[in-house]
Number of protein chains: 4
Amino acid sequence: MDRPMQDDQTSVADLRRVVQRFVAERQWERFHTPKNLSMSLSVEVAELMEHFQWRTPEESAAIAQDPELLTEVAHEMADVACYLLALSASLGVDLSSAIERKMVLNRKKYPADQCLGQWAPPKA
Amino acid sequence: MDRPMQDDQTSVADLRRVVQRFVAERQWERFHTPKNLSMSLSVEVAELMEHFQWRTPEESAAIAQDPELLTEVAHEMADVACYLLALSASLGVDLSSAIERKMVLNRKKYPADQCLGQWAPPKA
Amino acid sequence: MDRPMQDDQTSVADLRRVVQRFVAERQWERFHTPKNLSMSLSVEVAELMEHFQWRTPEESAAIAQDPELLTEVAHEMADVACYLLALSASLGVDLSSAIERKMVLNRKKYPADQCLGQWAPPKA
Amino acid sequence: MDRPMQDDQTSVADLRRVVQRFVAERQWERFHTPKNLSMSLSVEVAELMEHFQWRTPEESAAIAQDPELLTEVAHEMADVACYLLALSASLGVDLSSAIERKMVLNRKKYPADQCLGQWAPPKA
């Protein structure tokens with residue numbers, strides 16, 4: 001990698017290749033079953049959540065202004081992303097395509113005009 | 001979106017914009033504190049994990065050959081990705097950059113030559 | 001069970017027997033590996049958490065005064081308890097004894113006089 | 001506590017009192033909202049799951065014969081139990097009663113004769 005990776009210039013496939021290379025160099029493919037990777041995802045999300053469990057919602061938002069804490073949180077977010085990319089590699093799932101298709105369902109379940117400022121979906 | 005999104009042609013920033021538009025259209029920004037989003041991430045990962053909890057690791061891998069189940073799993077993966085992107089929007093974290101920097105730490109913690117085929121890091 | 005079970009008259013072993021009978025009647029023992037049960041625990045905790053993800057901490061406390069929601073939450077808490085009891089059966093762990101011993105460590109890690117009203121442990 | 005606690009001689013209410021005393025001595029009640037406690041439960045379950053994520057189901061069962069690992073796992077199980085008890089205190093939920101009532105629903109959803117050795121419920 002010659003220049004730093006950034007979200008506006010990095011494709012999902014680029015990121016997945018970074019993860020796959022790391023896994024291949026360690027011959028970890030046999031550990032990377034979908035079952036195991038879903039557990040790892042959950043473990044990493046918990047490490048992320050640990051930063052927020054005793055903070056109020058307002059205090060959790062203020063982390064954006066605390067460079068040291070934000071770096072720790074960003075590391076946990078990176079771990080979550082890496083396991084999700086590893087899972088997409090393991091199952092052969094194209095994440096962008098999956099998001100696009102799930103969004104169609106989400107728009108039906110949560111019609112914008114009926115959900116404005118409400119977190120619950122409209123009663124069927 | 002005129003043509004379908006795919007991982008090799010879609011940047012992380014593109015995906016985040018899809019999520020941010022969905023959130024803005026529903027005025028859900030005030031619910032999207034890092035605390036709440038970390039909980040949502042955990043809830044979605046659990047819905048993903050639910051598909052694997054009683055399957056053996058081998059059976060979990062076989063889902064890749066079952067189109068109906070794979071679609072359900074891909075939907076849950078999309079939900080996980082969307083909440084991670086929402087969190088990166090909420091905290092202003094560049095995911096690609098975070099992954100690149102976390103990988104530097106991972107390579108130190110898990111040196112390839114000492115971790116070959118071993119899931120545990122070398123003893124300090 | 002002739003009279004309703006209640007926390008002040010029900011031992012942990014009584015509760016575990018209820019769970020073990022349910023599992024044995026369905027011949028589910030072979031699914032109940034510690035790995036699988038830890039996943040089930042995580043899935044059930046997420047179903048519990050789902051009730052709280054978009055509520056503020058104050059709103060989450062107010063659930064105690066909402067009989068319908070409280071029943072739903074109590075059902076999820078029961079599921080969490082059952083999987084924890086199933087895991088203690090699967091591994092042969094006495095929970096009361098484990099709690100007593102863990103509490104010794106917790107009292108050392110969080111000395112009452114240094115932790116008064118503070119959620120973080122004192123710096124080492 | 002004069003003699004060691006054990007599951008066959010310890011009521012759920014006894015265990016809850018141990019947890020409540022620990023919380024009260026540190027004046028932590030204000031942190032113990034249901035929202036926060038559900039997050040803590042999830043974090044502790046993840047620490048438990050971490051022991052199993054790369055082990056096969058068979059290897060996870062073998063932990064019962066490894067005293068050192070079993071102690072670590074038992075500590076995590078104790079943490080899960082303590083947060084569940086703290087939540088039951090916070091919401092005023094009687095766990096034994098909740099389990100008894102949830103079991104009635106479980107027996108209907110999973111009729112023993114239709115679920116024998118099958119983890120999925122019968123199709124409606």
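Convention: sequence-line order gives letters A, B, ...; per-chain numbering from 1.
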Fill in the blank from the handout: Expected contact set for residues 56-91 of chain C against chain B at heavy-atom separation under 4.5 Å reads Y83(C)

Problem - Any residue of residues 110-117 of chain C which, by heavy atoms, sits under 4.5 Å from chain B - result: none

Practice task
Please report the closest heavy-atom contact between A46(B) and S42(C), naming both atoms and the distance.
Solution key: CB-O, 4.2 Å

Exercise for the section: For chain B, find its close neighbours in residues 28-40 of chain C: heavy-atom separation under 4.5 Å, sorted by number, or none. Expected result: F31(C), H32(C), N36(C), L37(C), M39(C), S40(C)

Handout entry: Pairwise salt bridge (charged side-chain N to carboxylate O under 4.0 Å, His left out) hits with a residue in residues 44-53 of chain B, at least two apart
Key = none

